[in-house]
Amino acid sequence: MSIRITPSILNADFSRLNEEIEKVASVSDLIHLDIMDNKFVPNFTFDFDRAAEIIRDCPIPVDSHLMVEGPEFAAPAFAEMGSASVTYHFEAASNHHQIITSVHNLGARVGIALKPGTYFDVLEEFIDEIDMILIMTVEPGFGGQSFMSEMLGKVKRARNRLGKNERGVWLQVDGGISPSTIESAAEAGADTFVAGSAVYKADDPAKMVEHLRDLATPN
Ligand code: DX5
Ligand code: ZN
């Protein structure tokens, strides 16, 4: 199983993002771009124009995580901006099939994110259509929160459900991923790891990405 490390720039210095991304680009699989609208979550990150610039300037593929209301509009917009992967929140959407089809038609992967309180079973109807499952391991909205180890059961459940996983669906965890939590998430079956503060608070962010990758890689 291949492992992906997707650093989140939420806790990077927004005033010099290109340099911040440059620090980790050569050792990361994708850059995780958190989009918050101050409605679905009580925080705001980037408007669509700024997000489009970030995606355009990013030297590696972008994994857009939309913590926004109205993903029916936002998800295809982020695919059109050039995101390699667009993840929206299950709780925010009313027309999943429409979102999935529109993102696929624009050539991007599509993921569905589940807040800690949302049961895995809600995905059953869509699991054969999506490319990534994102199990939130904190309440979405802020970086630097503690990893919720009680979410590991949901990660295991997702891994079991994927079974042989012939379509190569990614299983991502986001929130509180650090050297002290990543191994438990990997053992539970996650293969794609968001890390924000662990990477950007490290003295050497690139070294931290490599360290996280080593810890997540099965021996
Ligand atoms: C939280 C965001 C995360 C955040 C993770 O709502 O979705 O991507 O950046 O930050 P850490 O790794 O600090 O928990
Ligand atoms: Zn995120």
Side-chain angles (χ1 to χ4, degrees), residues 3-14 17 20-21 23-24 28-46 50-51 54-55 58 60-69 71 74-75 78 83-92 108-118 131-152 154-155 170-186 190-203 205-206 208-209 211-213 215-216:
I3 295 296
R4 279 159 294 274
I5 308 290
T6 62
S8 160
I9 54 175
L10 185 62
N11 277 60
D13 181 347
F14 282 8
L17 268 185
E20 293 281 79
I21 290 172
K23 287 180 185 167
V24 297
S28 303
D29 298 278
L30 301 99
I31 294 294
H32 182 85
L33 178 62
D34 288 303
I35 301 298
M36 306 185 185
D37 64 354
N38 207 18
K39 291 185 200 127
F40 181 71
V41 290
N43 195 2
F44 185 86
T45 54
F46 307 107
R50 182 68 186 116
I54 296 168
I55 295 166
C58 189
I60 65 170
V62 172
D63 167 35
S64 293
H65 175 196
L66 308 181
M67 287 159 276
V68 301
E69 290 183 351
F78 273 78
S83 310
S85 173
V86 179
T87 300
Y88 68 94
H89 267 267
F90 178 83
E91 306 83 3
R109 297 174 66 95
V110 63
I112 301 184
L114 301 180
K115 286 200 211 183
T118 305
D131 308 292
M132 184 163 82
I133 298 166
L134 166 50
I135 307 288
M136 291 303 298
T137 44
V138 297
E139 284 298 338
F142 300 92
Q145 304 182 75
S146 301
F147 179 76
M148 296 170 70
S149 56
E150 59 272 36
M151 291 301 118
L152 291 172
K154 205 194 282 191
V155 176
W170 298 353
L171 179 51
Q172 188 176 50
V173 283
D174 182 6
I177 295 296
S178 73
S180 54
T181 60
I182 195 166
E183 287 166 290
S184 63
D191 61 9
T192 305
F193 303 86
V194 180
S197 46
V199 168
Y200 279 102
K201 288 204 171 123
D203 292 334
M208 177 55 75
V209 171
H211 183 43
L212 290 169
R213 188 188 301 283
L215 291 171

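Both backbone and side-chain heavy atoms feed into the values below; hydrogens, waters and symmetry mates do not. Atoms within each ligand, like the ligands themselves, are counted from 1 in listed order.
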Margin query: So is Ala195 touching ligand 1 or not, going by heavy atoms under 4.0 Å?
Written below: yes

Notebook entry, point to check: Looking at ligand 1, does Phe147 have a heavy atom less than 4.0 Å from it?
Noted result: no

Next item on the list: Using a strict cut-off of less than 4.0 Å between a Lys/Arg side-chain nitrogen and an Asp/Glu carboxylate oxygen, indicate whether Lys23 and Asp13 qualify as a salt bridge.
Entry: no

Note to self: Does ligand 1 come near enough to Leu10 that some N or O of the ligand is less than 3.5 Å from an N or O of the residue?
What the structure shows: no

Note to self: Would His65 count as being in polar contact with ligand 1, using the rule that some N or O on each side must be under 3.5 angstrom apart?
What the structure shows: yes

Check: Taking all atoms of both residues into account, what is the closest heavy-atom pair of Leu215 and Glu183, and its distance?
Finding: O-CG, 3.4 Å

So which protein heavy atom does [atom] come closest to, and at what separation?
| atom | answer |
| --- | --- |
| atom 14 (O) of ligand 1 | Gly176 N, 2.8 Å |
| atom 6 (O) of ligand 1 | Gly141 N, 2.8 Å |
| atom 2 (C) of ligand 1 | Asp34 OD1, 3.4 Å |
| atom 3 (C) of ligand 1 | Asp174 OD1, 2.9 Å |
| atom 12 (O) of ligand 1 | Gly196 N, 2.8 Å |
| atom 9 (O) of ligand 1 | Ser8 OG, 2.8 Å |
| atom 10 (O) of ligand 1 | Gly143 CA, 3.5 Å |
| atom 13 (O) of ligand 1 | Ser197 OG, 2.5 Å |

Item checked: Of the N, O or S atoms in Asp174, the one nearest the Zn ion (ligand 2) -> OD2

Next item on the list: Give a yes or no on whether the backbone of Lys115 and the side-chain of Glu91 come within a donor-acceptor separation of less than 3.5 Å.
Entry: yes

Any side-chain heavy-atom pair of [X] and [Y] under 4.5 Å:
| X | Y | result |
| --- | --- | --- |
| Pro116 | Pro140 | yes |
| Phe193 | Leu212 | no |
| Tyr200 | Val24 | yes |

Item checked: Metal site angle (apex the Zn ion (ligand 2)), ND1 from His65 and OD1 from Asp34, 10 degrees -> 90°

Notebook entry, point to check: Can you name the one residue among Thr192, Thr6, Ile5 that meets side chain to side chain contact (heavy atoms under 4.5 Å, CB included) with Leu30?
Noted result: Thr6

